[in-house]
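Notes to accompany the following structure.
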Number of protein chains: 2
Amino acid sequence: MPETQPIRLDSQLCFQIYTANKKFNKFYQDALKPFNLTYPQYIALLTLWENAPMSVKKIGKHLHLDSGTLTPLLKRLESHGWITRNRSPHDERTVIIQLTDKALSQRDAVYDRVNSCQDLLNLTNDQIEDCMATLTMLDEHLDSYNNRDTDE
Amino acid sequence: MPETQPIRLDSQLCFQIYTANKKFNKFYQDALKPFNLTYPQYIALLTLWENAPMSVKKIGKHLHLDSGTLTPLLKRLESHGWITRNRSPHDERTVIIQLTDKALSQRDAVYDRVNSCQDLLNLTNDQIEDCMATLTMLDEHLDSYNNRDTDE
DNA sequence: AACGATTAAATTGTAGTCGATTTTCTAACT
DNA sequence: AGTTAGAAAATCGACTACAATTTAATCGTT
């Protein structure tokens, strides 16, 4: 009879990532307190600073989020004056997100704040790159198991 | 004048972890579908299979979760017949969580299911251990920045 | 032009997560 | 004993996240 292997929580990669994710969340929540941004709001802005204007759909592809998450999140960013939301004149189904003057003018301040906080983490570039590499590999393994995310 | 570094989302470790966490969540959600368990519910059971009976406080220390998260989660586990919740006779403030017969009898089936799904991920032990090691280091760096989690 | 299929957002419902507060109980001290 | 300080859960509010459905617009085909 094969013995069922007990599963120790602390030895599980998933739990390590689950924990790291929560800690990163808190880290950014604190770092971004001056701007009153949550981590998901921050990464939405990051994408927009690179690619705006963008449709909700396109933001979702970058962040792997669906409209159920993005619609309320973007409404919050809009109500705080970071973005505008408007239906495309060419295709009334899509909503085009644009950055406001506030978002454009505060961009560098946010970048500076995040960069300086990251410095305090005292991670070497090598450490970060090692971690990124293994996680990229892990992501691919998970993708091939998960229902194949029809991302582009 | 120093140029502000633009921040590319895909090069951010936090985003990699944020993404991996969501994918792991889906992975376990699917794997545990036969048992109708979410990932957080599963890790709560993992801890209990190791240490039950436990107080809510103690579970929270293991999982880094507070009562605001655990109380409703444990109520769900209770309503699905996995656990019981009772005030300690010695100290009426603490709630003692015990495993039901169902939880004890299904333990090995859950272990087997998770183990066999993990095999499909095709990760070598070396890869997993490398990843764990870098994440452990990362966790420590985040802890020393974050408000020092008064864990035990 | 008209019907059916597809697509983009929005909506709804369930579950997690945390900060902050509240409630209840215990412990400690005068 | 009585007051206060502290601890453990529960509660409340705000924000994510996702599955599933709905709504509205567009596209394709006849």
Side-chain angles (χ1 to χ4, degrees), chain A residues 14-15 18-30 32-33 36-44 54-61 63-80 85-97 146-147 149-150 152, chain B residues 14-15 18-30 32-33 36-44 54-61 63-80 85-97 146-147 149-150 152:
Chain A
C14 54
F15 185 63
Y18 169 79
T19 301
N21 181 57
K22 288 193 300 181
K23 289 180 182 175
F24 253 131
N25 234 293
K26 176 169 175 45
F27 173 81
Y28 279 95
Q29 200 94 28
D30 291 350
L32 294 167
K33 189 148 300 185
N36 200 26
L37 288 170
T38 65
Y39 179 70
Q41 290 166 8
Y42 160 71
I43 59 174
M54 299 173 83
S55 67
V56 173
K57 187 76 181 172
K58 197 169 162 201
I59 298 174
K61 269 186 187 150
L63 306 184
H64 314 297
L65 293 173
D66 70 4
S67 66
T69 303
L70 281 175
T71 298
L73 186 154
L74 293 170
K75 281 182 178 172
R76 273 170 227 125
L77 283 179
E78 181 188 38
S79 76
H80 289 76
R85 298 163 64 247
N86 294 102
R87 295 274 165 184
S88 161
H90 307 300
D91 183 343
E92 288 282 338
R93 290 170 305 179
T94 77
V95 169
I96 304 297
I97 309 298
N146 284 346
N147 256 5
D149 302 28
T150 38
E152 66 187 5
Chain B
C14 55
F15 185 63
Y18 168 78
T19 301
N21 182 57
K22 288 194 299 181
K23 289 180 181 176
F24 253 131
N25 235 292
K26 177 169 175 42
F27 174 81
Y28 279 95
Q29 197 94 28
D30 292 350
L32 295 167
K33 189 147 301 186
N36 199 25
L37 288 170
T38 65
Y39 179 70
Q41 290 167 9
Y42 159 71
I43 60 174
M54 300 172 81
S55 68
V56 173
K57 187 75 182 174
K58 197 170 163 200
I59 298 175
K61 270 187 186 150
L63 307 184
H64 312 295
L65 293 172
D66 70 5
S67 67
T69 302
L70 281 175
T71 297
L73 186 153
L74 293 170
K75 282 183 178 170
R76 274 170 226 126
L77 283 178
E78 182 187 38
S79 74
H80 289 77
R85 299 164 61 248
N86 294 102
R87 294 276 165 184
S88 161
H90 307 300
D91 184 342
E92 289 281 338
R93 289 171 303 178
T94 78
V95 169
I96 304 295
I97 309 297
N146 285 345
N147 255 5
D149 304 28
T150 37
E152 66 187 5

Just how far, in rounded Å, is [atom2] of [N] from [atom1] of [X]?
X	N	atom1	atom2	value
A:L73	D:dA17	CG	C1'	11 Å
B:K61	D:dA7	NZ	P	10 Å
A:I43	D:dC15	CD1	C1'	13 Å
B:K75	D:dA10	NZ	C1'	7 Å
B:L70	D:dT11	CG	C1'	14 Å
A:R87	C:dT7	CZ	C1'	12 Å
A:L37	D:dC15	CG	C1'	13 Å
A:M54	C:dA9	CE	P	11 Å

Those residues at least two apart in sequence (or on a different chain) that pass side-chain contact (heavy atoms from CB on, under 4.5 Å) with B:S88 are B:H90, B:D91, B:T94, B:I96
The side-chain contact (heavy atoms from CB on, under 4.5 Å) partners of A:K57 (sequence neighbours excluded) come to A:S55
If we only count heavy atoms from C-beta on, is the A:R76 to A:P72 side-chain gap below 4.5 Å?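 Yes, at least one pair of side-chain atoms sits under 4.5 Å.
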Of the candidates D:dC15, C:dA15, C:dA10, the side chain of B:Q41 sits closest to C:dA15
Expected string for nucleotides 19-28 of chain C under the B/S/- scheme (protein heavy atoms, under 4.0 Å, primed atoms plus P, OP1, OP2 as sugar-phosphate) is B-----BS--
Under 4.0 Å, counting only non-hydrogen atoms across every strand here, what does [X] touch: a base, just sugar-phosphate, or nothing?
X	result
B:L65	sugar-phosphate
A:R76	base
A:Q29	nothing

Exercise for the section: Verify whether the ring centers belonging to B:F24 and B:Y39 lie closer than 6.0 Å. Expected result: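 Aromatic pair excluded; centres sit 6.0 Å or further apart.
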Correct closest heavy-atom pair for A:A44 and A:L77 would be CB-CD1, 4.2 Å
Looking only at atom types and distance, does a side-chain atom of A:R87 sit under 3.5 Å from a main-chain N or O of A:R93, one as donor and one as acceptor? yes
Assert: residue with more 5' nearest nucleotide on DNA chain D, out of B:L74 and A:N25, is B:L74
When B:T71 and B:K22 are each assigned the nearest nucleotide of DNA chain D, the 5'-most assignment goes to B:T71
Distance test, side-chain N/O of [X] to OP1/OP2 of [N], below 4.0 Å:
X	N	answer
A:R85	C:dA8	no
B:Y18	D:dA17	yes
A:Y39	D:dC15	no

| request: Decide yes or no on side chain to side chain contact (heavy atoms under 4.5 Å, CB included) for A:I59 and A:I97, but give the supporting numbers first. | output: CA-CA 9 Å; A:I59 298 174; A:I97 309 298; 3.8 Å; yes
